Amino acid sequence: MSFIDTRVKIRRFFRRHKKIIIFAVIAFTIIVVVNYVLKNLPEQDIPKTTYEPNVAVMDNSEVPTKWQDQIKDTIDQFVQYCNNKDYDSAYNMITDECKEALFQEMSEFKEYVDSRFNTKKIYSIQNFSNVGKQYIYNVNIMDDFMATGMTNSNYVFVEEKFVFTEDGNNLKFSIGGFIRQDNLGVFAEDENLKVQIDTKNVYYEREVYHVRIRNKTEHPLVIADGYFTNEITLNLGTQDRTEYNVSTSKVVLQPGETKVYNFIFTKYCDDGVAPKYLRFNDVRVLESYSGNKDTADEELENAIRKYALQINFNVQD
């Protein structure tokens with residue numbers, strides 16, 4: 001075969017398969033270009049997450065290694081008891097202080113268990129914050145779908161704060177965000193009233209002050225009834241917190257009467273701030289008190305005395 005015949009055959013082949021050849025060349029070119037671009041793209045940093053259940057999300061502090069297994073086992077045992085409705089065993093796991101603050105009656109604890117463990121539950125844990133030798137965990141309690149066979153259900157959970165406190169060679173366990181009870185032993189007194197604050201219960205998100213008040217006068221004495229704003233406040237140095245229930249509850253004492261109140265204030269236990277004093281901003285000694293809004297202005301105008309009383313805590317600056 002001559003060179004001319006070969007050229008003719010090649011030319012005929014290209015004319016016959018021109019479209020296929022052009023398509024193949026284009027496809028090959030695209031593949032080469034795409035590969036080149038992909039190879040030269042900058043590498044993206046892919047976020048990496050590591051589950052560290054014993055490292056606090058608030059400040060990255062870590063629970064001591066010697067306590068980690070015991071904490072996990074305690075939570076697991078408590079959840080098992082609650083799942084099995086073994087109320088007594090679960091109740092006996094928590095501290096006496098926690099029982100006194102939240103569950104003075106077994107019926108109250110049963111209500112707590114039944115509301116959170118109405119079906120078989122599973123859980124996840126995460127160390128949330130550590131304050132000294134107290135380790136606060138978020139425990140998410142959720143349905144065990146494998147056990148209940150529930151389908152087409154929303155993924156919901158109840159978040160609880162479980163607290164572990166070092167006590168020598170042991171750990172004390174409390175629930176409901178209860179941290180501890182502090183003995184205060186502070187009081188204030190004047191010619192009209194006597195105020196005594198023996199203890200406060202500290203929770204992760206609040207403090208509850210146990211306050212005994214005596215009216216020493218022969219007249220009605222009003223400390224809070226919603227007439228003024230900020231009638232009872234807790235001073236944190238740079239700011240004041242208003243009592244949680246003051247807008248709906250009344251602190252009113254008849255002549256010679258003594259009452260005990262629990263005053264609640266929003267206060268995070270890991271904020272590093274120590275409360276300085278409790279203050280009654282609008283103490284009123286009245287000629288008469290009806291509790292009627294329609295006569296409140298007139299009763300206040302005839303007040304024997306109106307003033308503020310401050311109960312200082314023993315806090316070192």
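All figures in this text were calculated on a predicted structure; none of them were measured in a lab. Throughout, residue positions are numbered sequentially from 1 according to the sequence presented.
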Does [X], at its [atom1] atom, have more than 12 non-hydrogen atoms belonging to other residues, nucleotides or ligands within less than 6.0 Å?
X      : atom1 : value
Tyr307 : OH    : yes
Glu191 : CD    : yes
Arg305 : CZ    : yes
Glu257 : CD    : yes
Lys133 : NZ    : no
Gln70  : CD    : yes

Over all atoms of both residues, closest heavy-atom pair of [X] and [Y]:
X      : Y      : result
Ser129 : Asp270 : OG-OD2, 2.7 Å
Asn127 : Ser61  : OD1-O, 3.8 Å
Leu300 : Lys306 : CD1-CD, 4.2 Å
Val273 : Leu236 : CG1-O, 3.2 Å
Lys216 : Asp190 : NZ-O, 2.8 Å
Ala90  : Cys82  : CB-SG, 4.1 Å

Short question: side chain of [X], backbone of [Y] - any donor-acceptor pair under 3.5 Å?
X      : Y      : answer
Gln196 : Ala188 : no
Asn215 : Leu253 : yes
Gln126 : Phe128 : no
Thr295 : Asn292 : yes
Gln310 : Tyr277 : no
Glu108 : Glu105 : yes
Glu166 : Leu171 : no
Glu159 : Asn138 : no
Lys250 : Val222 : no

Linked, directly or transitively: [X] and [Y] (ILVMFWY side chains, under 4.5 Å):
X      : Y      : answer
Phe103 : Ile141 : yes
Tyr135 : Val57  : no
Val139 : Phe173 : yes
Phe280 : Leu234 : yes
Met58  : Tyr268 : yes

Distance alone, cut at 3.5 Å: any donor-acceptor contact between the side chains of [X] and [Y]?
X      : Y      : answer
Tyr244 : Asn262 : no
Ser290 : Glu299 : yes
Tyr81  : Asp88  : no
Asp76  : Gln80  : yes
Glu62  : Asn54  : no
Asn312 : Lys276 : no
Thr242 : Asn230 : yes

From [X] atom [atom1] to [Y] atom [atom2], the distance as rounded to the nearest 0.5 Å:
X      : Y      : atom1 : atom2 : value
Ile264 : Lys200 : CD1   : NZ    : 14.0 Å
Thr165 : Trp67  : OG1   : CH2   : 11.0 Å
Ile125 : Ile75  : CD1   : CD1   : 4.5 Å
Gln134 : Arg180 : CD    : CZ    : 5.5 Å
Ile311 : Asn235 : CD1   : CG    : 12.0 Å
Thr74  : Ile94  : OG1   : CD1   : 13.0 Å

Strictly below 4.0 Å, N to O, side chains only: are [X] and [Y] in salt-bridge contact?
X      : Y      : value
Asp144 : Lys121 : no
Asp271 : Lys267 : yes
Asp225 : Arg284 : yes
Lys99  : Asp96  : yes

Beyond-backbone contact of [X] with [Y], side-chain heavy atoms, under 4.5 angstrom:
X      : Y      : result
Ile213 : Lys259 : no
Lys85  : Phe117 : yes
Val283 : Asn192 : no
Glu231 : Ile223 : no
Leu221 : His219 : no
Met142 : Ser124 : yes
Tyr87  : Asp114 : yes
Phe109 : Ile175 : yes

Quick one: sort the Tyr261 and Phe263 rings into parallel, tilted or perpendicular, breaks at 30° and 60°.
parallel
Should the pair Phe78 and Tyr112 be assigned to parallel (<30°), tilted (30 to 60°) or perpendicular (>60°) ring geometry?
tilted
Here's a test for you: under side chain to side chain contact (heavy atoms under 4.5 Å, CB included), which of Asn245, Val211, Ile232 qualifies with Val251?
Ile232
Might you work through the side chain to side chain contact (heavy atoms under 4.5 Å, CB included) test for Glu287 and Ile304, ending with a clear yes or no?
CA-CA 6 Å; Glu287 288 283 0; Ile304 297 171; 3.9 Å; yes
With side chain to side chain contact (heavy atoms under 4.5 Å, CB included) as the test, would you mind laying out the steps for Glu207 and Arg241 before giving the verdict?
CA-CA 11 Å; Glu207 292 187 349; Arg241 299 283 171 83; over 6 Å; no
